[in-house]
Amino acid sequence: MCGIIGIVAKNNVNQDLYDGLTVLQHRGQDAAGIVTYDNKHLHLRKGNGLAKDVFSANDMLRLQGNMGIGHVRYPTAGSSSSAEAQPLYVNSPYGIALAHNGNLTNAYDLKEELYKQDLRHLNTDSDSEVLLNIFAHEIQALHKLRINEEDVFNAVKALHRRCRGAYATILMITGYGIVGFRDPNGIRPVVYGKREKPEGIEYCIASESVALDVLGFELIADIKPGEAVVITAKGEVYTHQCADNPNYSPCIFEHVYFARPDSIIDKISVYKARLRMGEKLAEKILKTYPDHDIDVVIPIPDTSRSSALELANRLGVRYREGFTKNRYIGRTFIMPGQVQRKRSVKQKLNAMDLEFRGRNVLLVDDSIVRGTTSGQIVKMAREAGAKKVYFASASPAVIHPNVYGIDMPSPDEFVAYKRNVEEIAKEIGVDWLIYQELDDLIASCHRGNKNITHFDCSVFDGQYVTGDIDQDYLDAIDQRRNDNAKQGKLARENEILDIHNSN
């Protein structure tokens with residue numbers, strides 16, 4: 001999962017790109033990067049860590065130019081290598097930089113094509129580099145000294161025909177402008193907006209509308225599935241549908257977990273969708289446990305707060321903040337290794353005894369993945385003096401891997417894998433557990449935009465919207481994602497670093 005941003009302005013964009021990345025930091029805390037163009041040269045800085053740690057004052061001074069793109073990312077398959085930090089760049093043709101959020105499901109086949117047919121060399125294992133080289137090859141095939149918007153649209157059309165999977169992408173073409181486009185299913189979010197200044201109108205493309213809000217841009221629209229938006233260095237804007245058969249199927253997990261509540265994605269308020277999740281969950285609790293003895297509803301911060309608040313209101317039960325969060329610990333379900341995750345949970349949250357002691361507590365979280373965090377938090381609640389601990393998930397049980405850019409674990413590491421609700425409740429140590437119904441989750445999001453008739457719910461139902469995922473593919477990613485594989489990869493990377501540092 002990643003955050004992307006691109007700006008075409010009348011003055012230097014370095015500070016706006018940096019500020020935009022800090023707003024999108026929730027989408028990626030492993031690496032950050034910015035590339036700018038000053039009418040003569042490209043200026044690139046990227047590295048591992050949070051945006052505030054990657055960019056120094058000297059870096060910002062060097063990132064000159066009125067046009068640029070930025071990226072923040074989570075690690076994939078436990079990788080901590082900075083080689084795959086973005087933006088990525090190819091020199092030919094023109095000089096093109098890319099920031100990408102998502103995952104290509106046919107990346108292996110495309111790598112073979114790029115090497116054998118397109119005669120292009122790849123430096124990393126990143127599918128983002130594949131995407132960049134596909135676009136570069138398609139636009140180079142035009143054999144033009146100068147390109148226009150039609151050339152860009154034709155290259156994107158060719159890319160759509162070759163690439164499968166999820167890709168919300170921003171490209172910067174040296175001397176020309178920036179291009180934003182979205183895969184034909186619209187799985188990952190991307191929006192664009194404008195702001196008026198005395199010098200003229202400026203434009204921004206970003207993963208979420210909150211980045212536009214903070215930087216003073218007015219939201220124009222979501223980039224539609226299959227659509228491309230071209231913004232030239234002169235401030236000209238062109239849009240075109242580049243996919244033959246676009247099918248609006250955005251990832252519902254964005255609304256459950258990843259997106260900020262103050263974002264509007266595909267015309268759906270994330271905050272309101274989460275309120276409706278809480279409303280639906282309360283209705284299920286009242287049907288299942290009409291004589292419940294819940295004394296207090298406590299959210300597991302931060303993503304579940306909106307759902308928990310509405311749930312408490314519907315139940316007529318007190319809502320309280322029972323956990324204090326350390327905001328400098330990353331999201332734990334993506335961390336490699338069970339020991340590291342358990343240690344991080346203890347560092348991340350601290351229970352306030354006065355909200356738990358002697359009470360029957362309903363804990364609310366947005367989802368349960370491995371169950372590591374949930375089990376540790378339940379233990380904290382009991383140690384803080386709770387009489388009974390109940391647990392509610394604002395989404396259904398996660399039982400299938402994500403193949404569209406979220407580095408979820410191997411399925412057999414999911415707590416819900418081959419377990420029923422009672423067994424999961426026992427595993428995480430609660431008196432009872434309740435999950436959101438999938439139909440209710442879909443209804444919570446669909447109400448915000450009834451033009452979207454289908455969401456990608458593959459982590460819940462195993463139905464992959466691209467239609468190209470079989471068991472062989474799932475087995476292959478399972479081998480890369482399980483904890484043993486991740487620990488092995490980290491060990492190899494650390495060994496390389498040790499060799500490098502000793503030289």
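All residue numbers refer to positions in the sequence shown, counting from 1.
With sequence neighbours excluded, the residues satisfying side chain to side chain contact (heavy atoms under 4.5 Å, CB included) with A107 are L104, D127. The side chain to side chain contact (heavy atoms under 4.5 Å, CB included) search around N148 returns K144, E150, D151, not counting sequence neighbours. By the side chain to side chain contact (heavy atoms under 4.5 Å, CB included) test, A155 pairs with F135, E138, I139, sequence neighbours left out. Evaluation of the side chain to side chain donor-acceptor pair (under 3.5 Å) rule for D53 yields no partner, not counting sequence neighbours.
In this structure a side-chain-to-backbone donor-acceptor pair under 3.5 Å is missing from D30 to Y74. Side chain of Q25 to main chain of G28: a donor-acceptor pair is present (N/O by atom type, distance under 3.5 Å, no hydrogens or angles). Of the possible polar contacts, one joining the Y404 side chain to the T466 backbone as a donor-acceptor pair under 3.5 Å is found. In this structure a side-chain-to-backbone donor-acceptor pair under 3.5 Å is missing from S307 to L275. A donor-acceptor pair is defined here as one N or O able to donate and one able to accept, closer than 3.5 Å; such a pair exists between the side chain of R45 and the backbone of V54. In this structure a side-chain-to-backbone donor-acceptor pair under 3.5 Å is present from S304 to I300. Side chain of H71 to main chain of H100: a donor-acceptor pair is present (N/O by atom type, distance under 3.5 Å, no hydrogens or angles). No side-chain donor-acceptor contact under 3.5 Å links N185 to the backbone of R164. A donor-acceptor distance shorter than 3.5 angstrom exists from the side chain of E129 to the backbone of T124, with no hydrogens or angles considered. Side-chain atoms of K194 never come within 3.5 Å of backbone atoms of Y203 as a donor-acceptor pair (strictly under, hydrogens ignored).
Residue pairs meeting the side-chain hydrogen bond (donor to acceptor under 3.5 Å, both in side chains) criterion with at least one member in residues 210-235, sequence neighbours excluded: T232-E236. For residues 178-192, the pairs satisfying salt bridge (charged side-chain N to carboxylate O under 4.0 Å, His left out) are R182-D266, R188-E254, with sequence neighbours left out.
Salt bridge status for D118 with R120: absent, with no side-chain N to carboxylate O gap under 4.0 Å. Taking a cutoff of 4.0 Å between a charged side-chain nitrogen and a carboxylate oxygen, R305 and E321 qualify as a salt bridge. A salt bridge is defined here as a Lys NZ or Arg NE, NH1 or NH2 lying under 4.0 Å from an Asp or Glu carboxylate O, and E208 with R27 meets this definition.
In terms of heavy atoms, Y271 sits closest to S306 at CD1-OG, 3.3 Å. The minimum heavy-atom distance between T105 and V403, with the atom names listed, is CG2-O, 3.9 Å. The minimum heavy-atom distance linking A9 with V13 is given by the pair CB-CG1, 3.5 Å. Counting all heavy atoms, side chain and backbone alike, V256 lies closest to T303 at O-CG2, 3.4 Å. Scanning all heavy atoms of the two residues, the minimum distance from Q140 to P93 falls at CB-CG, 3.7 Å. Taking both residues in full, the closest heavy atoms of F217 and E202 are given as CE2-O, 3.5 Å, listed atom of the first, atom of the second, then distance.
Two residues are said to be in side-chain contact when any heavy atoms from C-beta on lie closer than 4.5 Å; L132 and L171 meet this criterion. A heavy-atom distance below 4.5 Å is not found between the side chains of F55 and K46. The shortest side-chain heavy-atom distance between L122 and N133 falls under the 4.5 Å cut-off. In this structure, I5 and L21 have side chains that are in contact, with non-hydrogen atoms separated by less than 4.5 Å. Residues H240 and E149 fail the side-chain proximity criterion, which asks for heavy atoms closer than 4.5 Å. In this structure, the side chains of M277 and C445 come closer than 4.5 Å at one or more pairs of heavy atoms. D456 is not listed as a side-chain neighbour of P250, based on a closest heavy-atom distance of 4.5 Å or more. In this structure the side chain of P184 reaches within 4.5 angstrom of the side chain of Y167, judged on heavy atoms.
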- N247/S249 under side-chain hydrogen bond (donor to acceptor under 3.5 Å, both in side chains): CA gap, chis, key distance, verdict: CA-CA 6 Å; N247 175 33; S249 302; 3.3 Å; yes

- Query: When you look at M172 and L42, which way does the side chain to side chain contact (heavy atoms under 4.5 Å, CB included) test go after all the steps?
  - Reply: CA-CA 10 Å; M172 182 171 69; L42 290 172; 3.5 Å; yes

- Worked verdict on V270 versus I264 for side chain to side chain contact (heavy atoms under 4.5 Å, CB included): CA-CA 6 Å; V270 176; I264 296 174; over 6 Å; no

- Message: Run the side-chain hydrogen bond (donor to acceptor under 3.5 Å, both in side chains) test on D19 and T22 for me, step by step, so that the C-alpha distance in whole Å, both residues' side-chain angles and the decisive distance to 0.1 Å come before the verdict.
- Response: CA-CA 5 Å; D19 292 342; T22 62; 4.8 Å; no

- Task: For side-chain hydrogen bond (donor to acceptor under 3.5 Å, both in side chains), just list the numbers for Y89 and N91, CA-CA rounded to whole Å, side-chain angles, deciding distance to a tenth of an Å, and then say yes or no.
- Result: CA-CA 7 Å; Y89 171 78; N91 183 59; 3.2 Å; yes

- Item | Derivation of the side chain to side chain contact (heavy atoms under 4.5 Å, CB included) call for N154 and V156 | CA-CA 5 Å; N154 286 331; V156 175; over 6 Å; no

- Item | Worked check of side chain to side chain contact (heavy atoms under 4.5 Å, CB included) between L131 and L159 | CA-CA 8 Å; L131 191 69; L159 181 147; 3.9 Å; yes

- Task: Show your working on salt bridge (Lys or Arg N to Asp or Glu O under 4.0 Å) between D302 and R260 and close with a plain yes or no.
- Result: CA-CA 10 Å; D302 287 316; R260 271 183 45 156; over 6 Å; no

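Residue-environment remark: CD (E196) stays at or below the threshold of 12 foreign heavy atoms within 6.0 Å. Residue K111 qualifies as enclosed at atom NZ: its count of foreign heavy atoms under 6.0 Å is above 12.
In this structure, CD1 on I220 lies 13.0 Å from OG on S209, to the nearest 0.5 angstrom. In this structure, N66 CG and I7 CD1 are separated by 11.0 Å, a value rounded to the nearest 0.5 Å. Expressed to the nearest 0.5 Å, how far CD1 of I368 lies from OG of S395 amounts to 8.0 Å. We find the CD1-CD1 distance between I170 and I4 to be 4.0 Å, quoted to the nearest 0.5 Å. C457 SG to H400 NE2: the interatomic distance, rounded to the nearest 0.5 Å, is 11.5 Å. If you take NE2 on H454 and CD1 on I252, they are separated by 9.5 Å, rounding to the nearest 0.5 Å.
Side chains of S128 and E84: a donor-acceptor N/O pair is absent below 3.5 angstrom, by distance only.
Among N12, D38, N39, the one residue that satisfies the side chain to side chain donor-acceptor pair (under 3.5 Å) test with Q64 is N12.
Ring orientation note: the planes of F253 and Y257 are tilted relative to one another, at an angle of 30° to 60°.
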